[in-house]
Number of protein chains: 2
Amino acid sequence: MANIRDIAKHADVSVTTVSRVLNEHPYVSKEKRVRVHEAMKELGYLRNQQALTLSTGKTQRIVVILPYMDHPYYGFFVNGLAKAALEHNYRLVMWQTEYKLNEERQALDLLKHREVDGAIVLSHEMSFKEMETYRAYGPIAVATVGAPETISSIHVDHYASFISGIRVLQEHGYEEIGIILSRSHSPSSLARQQAYFDEVAHARQQWIWTGYLTSEDGIRLAETFLSQKERPRALFFSSDYVALGFLGEMQRRHIAIPEEVAMLGFDGHPIGHAFGLSTMLSPNEKIGRRLFETTLAEMNGAQPETHGMTVSYQVGTTL
Amino acid sequence: MANIRDIAKHADVSVTTVSRVLNEHPYVSKEKRVRVHEAMKELGYLRNQQALTLSTGKTQRIVVILPYMDHPYYGFFVNGLAKAALEHNYRLVMWQTEYKLNEERQALDLLKHREVDGAIVLSHEMSFKEMETYRAYGPIAVATVGAPETISSIHVDHYASFISGIRVLQEHGYEEIGIILSRSHSPSSLARQQAYFDEVAHARQQWIWTGYLTSEDGIRLAETFLSQKERPRALFFSSDYVALGFLGEMQRRHIAIPEEVAMLGFDGHPIGHAFGLSTMLSPNEKIGRRLFETTLAEMNGAQPETHGMTVSYQVGTTL
DNA sequence: GTATCTTCTGAAACGCGTTTCAGAGCAAGC
DNA sequence: GCTTGCTCTGAAACGCGTTTCAGAAGATAC
């Protein structure tokens with residue numbers, strides 16, 4: 001495959017001139033520019049991206065770190081990221097961690113080895129303290145709360161969002177409320193619990209169910225929930241998919257929603273809409289976009305930024 | 001940041017020796033090996049992946065081309081791909097095309113510019129004829145049918161799968177069957193239509209609904225379906241999400257499933273299970289794995305392969 | 001007419017790890 | 001004692017595009 005030196009020889013110009021033509025530098029005479037273009041066509045020249053990357057030090061790649069690519073929760077984030085990346089001529093390198101700390105480290109090592117220009121972290125086990133040790137090698141943006149100043153954070157304000165969700169439930173007359181969370185120790189779960197205790201007068205520790213991530217978990221939850229003696233009148237889920245699993249199983253058991261138990265989801269997935277799930281709509285695609293744009297801005301010298309986004313109520317029939 | 005030459009100087013050995021230590025070449029004396037390791041530690045050496053890539057010509061990256069990353073249909077494929085890639089120390093570069101031919105071209109151009117070692121195409125607008133023009137630059141594997149010999153294909157045998165789905169419907173006593181397809185001109189849709197006409201005695205052109213991709217489309221379909229005078233007794237969907245949208249809307253309208261119309265989905269998404277959707281289980285995660293492994297094998301000199309996978313019936317309550 | 005720009009060109013160095021090749025030193029084979 | 005072979009080492013070339021720097025030629029300024 002022809003390289004820049006072959007082109008130079010063929011067009012009888014210097015390598016520098018060919019490079020200038022490639023980069024549309026103005027100081028090339030029309031005549032030579034034409035000759036170079038012809039040579040490139042004749043030899044079927046294709047610029048070697050690797051060489052460019054080594055030379056400039058810019059990879060035009062960003063690593064995206066998330067637990068599972070097929071978990072619907074991340075779909076909107078990734079979609080926003082993908083669109084923004086495409087627009088700015090960046091490629092996304094996806095790294096699936098399965099919640100393993102070691103995989104997160106490997107993914108961030110790409111930064112150290114200059115395989116990518118930046119990192120976007122949608123979920124992490126790693127402490128921010130450790131994450132900061134990677135910061136010297138490139139910008140990092142997270143979709144979670146609690147990041148230090150050096151790390152950009154574009155996230156859903158889970159505390160405020162849960163407060164507003166609880167208010168929606170209260171406006172519908174529900175006072176005895178339970179909440180369904182994902183991993184119990186994650187910052188978002190902690191914020192949600194805090195909101196729960198701050199805002200719900202009848203809050204009870206045993207009305208917090210943790211460890212529910214998927215629709216299958218939602219199915220399981222139905223059994224657990226129904227076996228409980230004292231049950232809340234409404235459930236606030238932190239994920240639409242868990243809510244849907246629960247809803248499906250309740251339907252199967254012919255238990256009326258919202259008469260027996262009211263439900264409020266979180267995310268706003270279209271599939272929830274089909275089953276009339278009331279939910280808190282989260283601007284995840286927009287967050288994805290902004291995560292990318294923030295990272296890009298940082299690469300161009302901007303300061304890290306922190307921004308919390310809020311959610312809105314989407315009417316359904318489960319309240 | 002220290003490079004290999006700095007290490008060489010610091011350890012008072014040649015650059016070659018440092019390279020040998022990095023690559024665990026046996027012909028390095030213990031003494032020098034130790035000196036090199038010490039120098040690397042002292043200077044905080046990090047191997048520059050870019051330089052390695054330029055030097056070896058191997059990127060350890062594969063581009064994955066698909067219309068939308070957040071479409072649940074692709075979730076399992078991508079999951080399988082991601083797991084296999086991780087195991088073999090490859091990175092996945094995701095390219096979202098939104099069904100645009102031009103985006104597919106850009107994605108495959110990565111191959112030409114040596115930005116990736118291979119390409120995996122989960123869905124494409126591009127003709128195989130055009131796709132073959134990229135073949136010279138690296139292995140390509142598709143998840144669709146009809147690929148020429150030069151392009152690997154690991155796919156669901158849509159014809160056989162639709163036949164077996166139709167048989168399931170017939171075994172449940174349904175003769176008047178309609179089918180719901182995605183894009184009408186895609187090879188999979190054509191194969192499905194063929195199976196429909198070959199296997200269903202009462203097949204009718206107006207019982208083929210095309211253009212249904214998402215759960216929102218499924219909701220829309222309910223209206224269209226119900227407004228039709230002569231309706232089939234059963235619907236065979238080519239996507240669980242479309243089926244679920246339809247199912248939700250039918251529930252909202254208090255129309256009994258399967259009494260009014262029986263439903264059979266396709267894919268086997270967990271969320272379908274929650275709502276008792278009968279479906280044809282597709283081994284998409286396995287296909288993802290094999291797509292990667294095939295591509296890897298081709299990079300190591302193996303021939304392209306074609307393999308059709310079959311689906312199995314997953315019992316639900318919508319038949 | 002001299003000084004100062006502007007335009008255009010190319011040699012060489014740079015980014016950095018790998019590979020090839022030549023050769024030195026030493027041991028085993030016969 | 002001489003050949004063969006193995007172990008170890010490093011200089012130089014290679015992959016390939018970009019950038020720096022020096023300089024030539026022509027144009028403009030005053």
Side-chain angles (χ1 to χ4, degrees), chain A residues 1-37 39-40 43-61 89 109-117 137-138, chain B residues 1-37 39-40 43-61 89 109-117 137-138:
Chain A
M1 304 193 209
N3 65 30
I4 205 176
R5 275 159 242 264
D6 298 328
I7 303 300
K9 218 170 275 174
H10 201 260
D12 194 27
V13 297
S14 73
V15 170
T16 315
T17 298
V18 178
S19 176
R20 275 196 266 260
V21 171
L22 280 172
N23 293 289
E24 294 176 11
H25 190 287
Y27 287 176
V28 180
S29 66
K30 196 165 195 176
E31 186 215 333
K32 296 209 173 179
R33 195 194 319 279
V34 170
R35 285 225 305 272
V36 168
H37 276 130
M40 294 200 294
L43 301 186
Y45 174 72
L46 291 167
R47 198 201 217 135
N48 184 325
Q49 185 64 32
Q50 245 113 275
L52 204 164
T53 285
L54 173 61
S55 186
T56 61
K58 290 276 141 221
T59 65
Q60 297 287 113
R61 285 189 292 271
N89 196 30
D109 276 344
L110 297 193
L111 223 43
K112 285 194 177 178
H113 295 287
R114 281 104 129 196
E115 240 184 290
V116 296
D117 297 334
Y137 305 98
Chain B
M1 307 195 206
N3 64 31
I4 206 176
R5 274 157 242 265
D6 298 329
I7 303 301
K9 218 170 274 173
H10 201 259
D12 194 26
V13 297
S14 72
V15 170
T16 315
T17 299
V18 178
S19 175
R20 275 195 266 260
V21 171
L22 280 172
N23 293 289
E24 293 175 12
H25 189 287
Y27 287 175
V28 179
S29 67
K30 195 167 194 173
E31 186 215 334
K32 296 209 173 181
R33 196 195 319 279
V34 169
R35 284 223 307 272
V36 168
H37 275 131
M40 293 200 295
L43 301 185
Y45 175 72
L46 292 167
R47 199 201 218 137
N48 183 325
Q49 185 63 33
Q50 244 111 275
L52 206 164
T53 285
L54 174 61
S55 186
T56 61
K58 291 275 141 223
T59 64
Q60 296 288 112
R61 283 189 293 272
N89 196 30
D109 276 345
L110 298 193
L111 223 43
K112 285 195 177 179
H113 295 286
R114 282 105 133 192
E115 242 185 287
V116 296
D117 297 334
Y137 305 98

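Labels below follow one simple rule: chain letters A, B, ... track the order of the sequence lines, proteins then strands, and each chain is numbered from 1.
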Short side-chain N/O contact from [X] to OP1 or OP2 of [N], under 4.0 Å:
X	N	result
B/K32	D/dG10	yes
A/N3	D/dG15	no
A/N48	D/dG15	no
B/S14	D/dG10	yes
A/S19	D/dT18	yes
B/R47	C/dT18	yes

_Note, B/Q49 side chain near B/T53 side chain (heavy atom, < 4.5 Å)_ = yes

Just the rounded figure in Å: distance from [atom2] of [N] to [atom1] of [X].
X	N	atom1	atom2	value
A/Q60	D/dG17	CD	P	17 Å
B/L22	C/dC16	CG	C1'	11 Å
A/Q50	C/dC16	CD	C1'	13 Å
B/K58	D/dC16	NZ	C1'	17 Å
A/L46	D/dG17	CG	P	10 Å
B/H25	D/dT9	NE2	P	11 Å
B/E115	D/dG17	CD	C1'	14 Å
B/M1	C/dG17	CE	P	12 Å

Over all strands shown, is [X] touching base, sugar-phosphate only, or nothing at heavy-atom distances under 4.0 angstrom?
X	value
A/T17	sugar-phosphate
A/R5	base
B/V28	sugar-phosphate
B/R114	sugar-phosphate
B/S29	sugar-phosphate

Do [X] side-chain atoms and [Y] backbone N/O form a donor-acceptor pair below 3.5 Å?
X	Y	value
A/R114	B/Q50	no
A/R33	A/V28	yes
B/H113	B/E115	no
B/D109	B/K112	no

Looking at [options], which one has an atom nearest to any side-chain atom of [X]?
X	options	result
A/V15	D/dT9, C/dA12, D/dT18	D/dT18
A/L54	C/dT18, C/dC16, C/dG10	C/dC16
A/S55	D/dT9, D/dA12, D/dG17	D/dG17
B/Y27	D/dC6, D/dA12, C/dT18	D/dC6

*asked:* Let me confirm one number: the OG1-NE2 distance from B/T17 to B/H25, rounded to the nearest 0.5 Å.
replied: 10.5 Å

